[in-house]
Structures are given as C-alpha cells and as structure tokens.
Chemist: 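My questions all concern the structure below.
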Amino acid sequence: MAKSIQAIRGMNDILPHQTPLWQMAEQAIRDAVSSFGYSEIRMPIVESTDLFKRSIGEVTDIVEKEMYTFEDRNGDSLTLRPEGTACCVRAGNQHGLLYNQEQRLWYTGPMFRHERPQKGRYRQFHQFGVEVYGIGDADADAEVLLLSQHLWQKLGMQDHVRLEINTLGDHAERATYRDLLIAFLEQHLDVLDEDAKRRMYSNPLRVLDTKNPAIQAILIDAPKLSECLGEESKQHFSKLCELLELAGIKYQINERLVRGLDYYNRTVFEWVTDSLGAQGTVLAGGRYDGLVEQLGGKATPAVGFAMGIERLVLMLEALELTENVKPVVDVYLTAMGDEAQQQSFIMSQKLRLAHPTLRIMKHCGGGNFKKQMKKADRSGASIALILGQDEIENQKVSVKYLREDKPQVTLSYAELSELLNGL
C-alpha cells in the first residue's frame, strides 16, 4: 500500500464543516466594503522577489527569514506573496490606476510566510486588505478605521476589540528619532537580548515592539517619537483623533506602536483583542505615502489595513458568534421507487429555478426510507421533501420537518411553493 501524502506543515485544509463559518465571515467583509463603495482587485500569488525587498525592507524578519522564494526556469527570483499591499501598489503602477487618481480598493486571498505554525497563524494564511490611494488627508485614515468598525458591528464583535493608534511622523522625523533611540539603546546593551541587538541599527523602532519584560522596563525612559514630530504631522494626527471622536470610535494612543514593515509613515493602528487568550492583533495598518514612488510610480498618498481571516474565524468561534452561519442545504429531496427517482430529477430542477436562493439537494444512490431520512438529517436541511408513488399520482409532495417539532404534511405544488418562499 502506498504511503499517504500529507498537507505541508502550516498549510491547512479548510474542511466542509468549517467552510460555512468562513463564508459567513467573507460575506460580512464583502458587505462592509460594498457599503463604503470600495472596488475589488485581484493580484497574482507569485511576484518578483525585488517587489518585497524594496517595499517591506531587506532587514525585516519577513524578507530575511519568512519568504517562500525560488528561481523559475528562466533564473528569475520569484516569491509567494507574504502580504498584499506591495502587490496592490505594483498592480496600480503597472496599470496606471494611481497617479492623479483616487482609488478605494480591497482584496482577499492566501499569503505565505515560513514561520512557526501556531493556532491562528499558519504558513499559508488568508488576508483581507483595504487600500486607499490619492488622498493625503486624515479623513482617509478615519474612513478605513470607520470601515473596520463597521465590520466589527456586522459580526457582533464590537465589544471584543479595541483600537490602538500612533503616529510615526514623516521619514525625516523618523530619522531624527531613530538616532535618538539608537543612542538610548547603546546605553543599555547589557539589558538587550540578541533580537534587540540585531535590530538596534537596522530597524531600531521594532525594539519598541519587544515582548521582553526587561527591555520593556527600560523603554519607559526612552525618548518618545512624538517629541520629534513637526507641526504638519501633529496636525494630521490631531485631525484623525478628532474625526474618530466625532464618529464615536473609542481609541487609545500607544506610543510604542510601530508596525513591522518599513514603508509606514504617520498614522499606524491596530485593533486588538483579549478574546483569544493573550492580547492579540486582529487587524492592523496605517499610512504609507512613500511606497508608490518607492516602487516606481509617481508620489501618491496611501493608507490601508490588512486582517487575517483565520484569526477572525477563531474569534467568531471563541465568542460563539456563529448563529448566523447558514447550513449548506435548506431542502433535501428524497424519492421512493424508480418512477419517483426519475420525477425527482425534474422536480429538483424546477424548484431550483423557482426558488434560486434556496439550496436544494436531491438524494442520489437509492436506498430505503430510513436511509434517505438519515442522509436528509445529516445534510443540515430544515425540511425533507418526500416523493413517492402516492404523491406522484396525486400531484403532491410530503414535507417532513427536520429541525422543528411539527407533524409531517402533504402539500399541493402551489402550497409547497408558498412554504419554500418562507424559508
């Protein structure tokens, strides 16, 4: 017997009993972006490796350790996309969507990072992202946060997430702060772990994001980025805070919030939760005004966010917010006898045409009444339709309720149509 082949570690199957919850989450996402007038964009899974080196930064963990990179037959270096923003910018530049234009876009799909798999964090994971181009004002920052708040409300999660925001200023202000921070960290080399020492010169702001308690303790006295901000950056952040308050969105300012990618400037934010055990981020993003130009386009302001759908699904399960998950089947059509089997094919198609929103499964494979009813029950359908010789002769259908304590009834075709309209 041949050895069975298993899925690659960290790349998981989403099984039939799990997909209805995913579909519910994905539909809520589509409804949220649609209500804000955003347009969907779909990008390739494989991109040039240089795209991510230039956008994410060569000294980030993603580029150094986590990317799935390979050479194709032409010797070109290609990478399975680890995130979506760089891909979206590349597509916008390539197809002339960005310069002197406003674009409100969204996307969803698989991303790939070679990191240690853990619950809600996999090597192939699925992301939903939003990108706004061509609007440099803080009202675009506020809008994407309002959109994310709208999504939480649609899913019933608004009381289980909280918003943290910060500003990183512009690149010149960050450069000034970077020098101050490095000078401070050099005074505490004895406390820094190897990870912090490695990042101290290449990406010192990431040290602020450390989970090491000893380093967190010394960072209390570290210089603050807000002390290096110019008037324009301060006004941008002040306007964002004002708009969030007008919209009734509660937030906390977290001056250690920096995000892990090099391209962010000014606004950064995270929606965090305690509902998955330790505090975790479920949605994050910010402003990246220099990225379009960095990737070969004309200077274009941009802001957006991304969210891992695996973590969203885990939250829905943990909070038991699954009552809106629809079964795969609404109606299960059974048939007793050879003639009924033939007639059920015709009936099932007529019912699908007459009731296009219903999911109707026709029993296949024969079997006695008990066997067919077992399959009807396992399908998750709310009712089973029973077609036998008596029903055919009288042009009627029997209806058995599978989820309610109601007696079985026999209905005319007109009465059946009225019943199905109510499902």
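Position 1 is the first residue of the sequence, and the numbers go up from there. What you see is a predicted model, and the numbers here were worked out from it, not measured in a lab. For the numbers below, each heavy atom of this structure counts, side chains included, while hydrogens, waters and symmetry mates do not.
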Chemist: At their closest point, which heavy atom of P82 faces which heavy atom of F125, and how far apart are they?
Modeler: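 Here P82 and F125 meet closest at O-CZ, 3.7 Å.
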Chemist: Output, in order, the C-alpha distance, side-chain angles, deciding distance and verdict of salt bridge (charged side-chain N to carboxylate O under 4.0 Å, His left out) for R403 and D377.
Modeler: CA-CA 9 Å; R403 310 288 165 230; D377 188 51; 2.8 Å; yes
Chemist: Of the non-hydrogen atoms in L192 and L185, which two are nearest, and what is the gap between them?
Modeler: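 Scanning both residues, the minimum pair turns out to be CD1-O, 3.9 Å.
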Chemist: Compare all side-chain heavy atoms of M157 with those of M315 and state whether any distance is below 4.5 angstrom.
Modeler: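 With C-beta onward as the side chain, the pair touches.
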Chemist: May I ask you to check whether over 12 heavy atoms, not counting those of N74, lie within 6.0 Å of atom CG?
Modeler: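 Enclosed: over 12 neighbouring heavy atoms sit under 6.0 Å from CG of N74.
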Chemist: Nearest 0.5 Å, what's the CD-CD1 distance between E404 and I383?
Modeler: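 CD1 of I383 is found 9.5 Å from CD of E404.
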Chemist: In plain terms, say whether D390 and K396 are close enough for a salt bridge, that is, a side-chain N and a carboxylate O under 4.0 Å apart.
Modeler: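 Not counted as a salt bridge, because no side-chain N and carboxylate O are separated by less than 4.0 Å.
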Chemist: Excluding sequence neighbours, so at least two apart, what forms salt bridge (charged side-chain N to carboxylate O under 4.0 Å, His left out) with E320?
Modeler: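 With neighbours one apart ignored, the set is empty.
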Chemist: Taking 4.0 angstrom as the limit, do E143 and R104 come out as a salt bridge?
Modeler: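 Yes, E143 and R104 are salt-bridged.
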Chemist: Return yes if a side-chain donor-acceptor contact under 3.5 Å exists between S344 and Q342, otherwise no.
Modeler: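 Side-chain D/A pair, S344 to Q342: absent.
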Chemist: Does the side chain of Y107 come within less than 4.5 Å of L105's, by heavy atoms?
Modeler: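 No, their side chains stay 4.5 Å or more apart.
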Chemist: Inspect the surroundings of CE in M336 and state if more than 12 heavy atoms from other residues, nucleotides or ligands are less than 6.0 Å away.
Modeler: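 Above 12, so yes.
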Chemist: Can you confirm whether the side chains of N254 and N166 place a donor and an acceptor under 3.5 Å from each other?
Modeler: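 No donor-acceptor contact under 3.5 Å links the two side chains.
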Chemist: Under the criterion salt bridge (Lys or Arg N to Asp or Glu O under 4.0 Å), which of R81, R90, R54 is the partner of E47?
Modeler: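 Among R81, R90, R54, the one meeting salt bridge (Lys or Arg N to Asp or Glu O under 4.0 Å) with E47 is R90.
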Chemist: Quick one: do the E391 and S398 side chains pair a donor with an acceptor below 3.5 Å?
Modeler: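 Note: E391 and S398 side chains meet the donor-acceptor criterion.
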Chemist: Decide yes or no for F269 and V144: does some side-chain heavy atom of the first lie under 4.5 Å from some side-chain heavy atom of the second?
Modeler: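 Result yes, sub-4.5 Å side-chain heavy-atom pair found.
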Chemist: For the residue pair S39 / W106, report whether a side-chain donor-acceptor contact shorter than 3.5 Å exists.
Modeler: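 Side chains of W106 and S39: no pair found under 3.5 Å.
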Chemist: Are the aromatic rings of W22 and H126 close, with centres under 6.0 Å apart?
Modeler: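 Between W22 and H126, the centre distance is under 6.0 Å.
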Chemist: Determine whether I386 and V397 make a side-chain contact, defined as any pair of heavy atoms from C-beta on separated by less than 4.5 Å.
Modeler: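 I386 vs V397: side chains apart.
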Chemist: So, for V329 and M361, which heavy atoms are closest and what is the spacing to 0.1 Å?
Modeler: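 Nearest heavy atoms, V329 then M361: CG2-CE, 3.7 Å.
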Chemist: How close do A381 and D330 get, heavy atom to heavy atom, and via which atoms?
Modeler: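 Nearest heavy atoms, A381 then D330: CB-O, 3.5 Å.
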Chemist: Can you confirm whether R178 sits close enough to P204 that some side-chain heavy atom of one is under 4.5 Å from a side-chain heavy atom of the other?
Modeler: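 Yes, side chains in contact.
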Chemist: Using every non-hydrogen atom in the two residues, find where A340 and L387 come nearest and quote the distance to one decimal.
Modeler: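 A340 and L387 have their closest heavy atoms at CB-O, 3.3 Å.
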Chemist: Could you check whether R287 pairs with D170 (Lys NZ or Arg NE/NH1/NH2 to Asp/Glu carboxylate O, under 4.0 Å)?
Modeler: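 Here R287 does not pair with D170 in a salt bridge, since their nearest N and O are not under 4.0 Å apart.
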Chemist: Are T167 and T267 linked by a side-chain donor-acceptor pair shorter than 3.5 Å?
Modeler: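 Short answer, no.
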Chemist: Tell me, do F112 and I45 make a side-chain contact under 4.5 Å, heavy atoms counted?
Modeler: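 SC-SC contact between F112 and I45 confirmed.
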Chemist: Could you tell me whether E115 and R113 make a salt bridge, using a distance below 4.0 angstrom between a side-chain N and a carboxylate O?
Modeler: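 Here E115 does not pair with R113 in a salt bridge, since their nearest N and O are not under 4.0 Å apart.
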Chemist: Can you find a pair of side-chain heavy atoms, one from Y401 and one from P407, that are under 4.5 Å apart?
Modeler: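 No - every pair of side-chain heavy atoms lies 4.5 Å or more apart.
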Chemist: More than 12 heavy atoms of other residues, nucleotides or ligands under 6.0 Å from NZ of K154: is that the case?
Modeler: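 Yes, because the 6.0 Å sphere around NZ of K154 holds more than 12 heavy atoms from other groups.
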Chemist: Distance only, no hydrogens: is a donor on one side chain within 3.5 Å (strictly under) of an acceptor on the other, for E71 and S77?
Modeler: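 S77 and E71 do not have a side-chain donor-acceptor pair below 3.5 Å.
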Chemist: Does CD1 belonging to I8 count more than 12 external heavy atoms closer than 6.0 Å?
Modeler: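 Result for CD1/I8: open.
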Chemist: Determine whether the side chains of E418 and Y413 contain a donor N or O and an acceptor N or O closer than 3.5 Å.
Modeler: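 Judged by distance alone, the side chains do not pair up.
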Chemist: Answer with yes or no after comparing the ring centroid distance for F128 and F305 against a 6.0 Å cut-off, counting only values under it.
Modeler: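 Between F128 and F305, the centre distance is under 6.0 Å.
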Chemist: D141 and H236: side-chain donor and acceptor closer than 3.5 Å?
Modeler: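 Yes, side-chain donor-acceptor contact under 3.5 Å.
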Chemist: Determine whether the side chains of E339 and Q389 contain a donor N or O and an acceptor N or O closer than 3.5 Å.
Modeler: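 Yes.
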Chemist: Does some side-chain heavy atom of Y122 sit less than 4.5 Å from a side-chain heavy atom of M11?
Modeler: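 No; the side chains remain at least 4.5 Å from each other.
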Chemist: Check the side chains of Q372 and N368 for a donor-acceptor pair under 3.5 angstrom, ignoring hydrogens and angles.
Modeler: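 No.
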Chemist: Do H171 and N265 get their side chains close enough for a donor-acceptor pair, meaning under 3.5 Å?
Modeler: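 Not at all, the side chains of H171 and N265 share no donor-acceptor pair under 3.5 Å.
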Chemist: For residues P20 and V328, report the shortest heavy-atom separation together with the two atoms involved.
Modeler: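 Shortest heavy-atom contact: CG-CG2, 4.0 Å.
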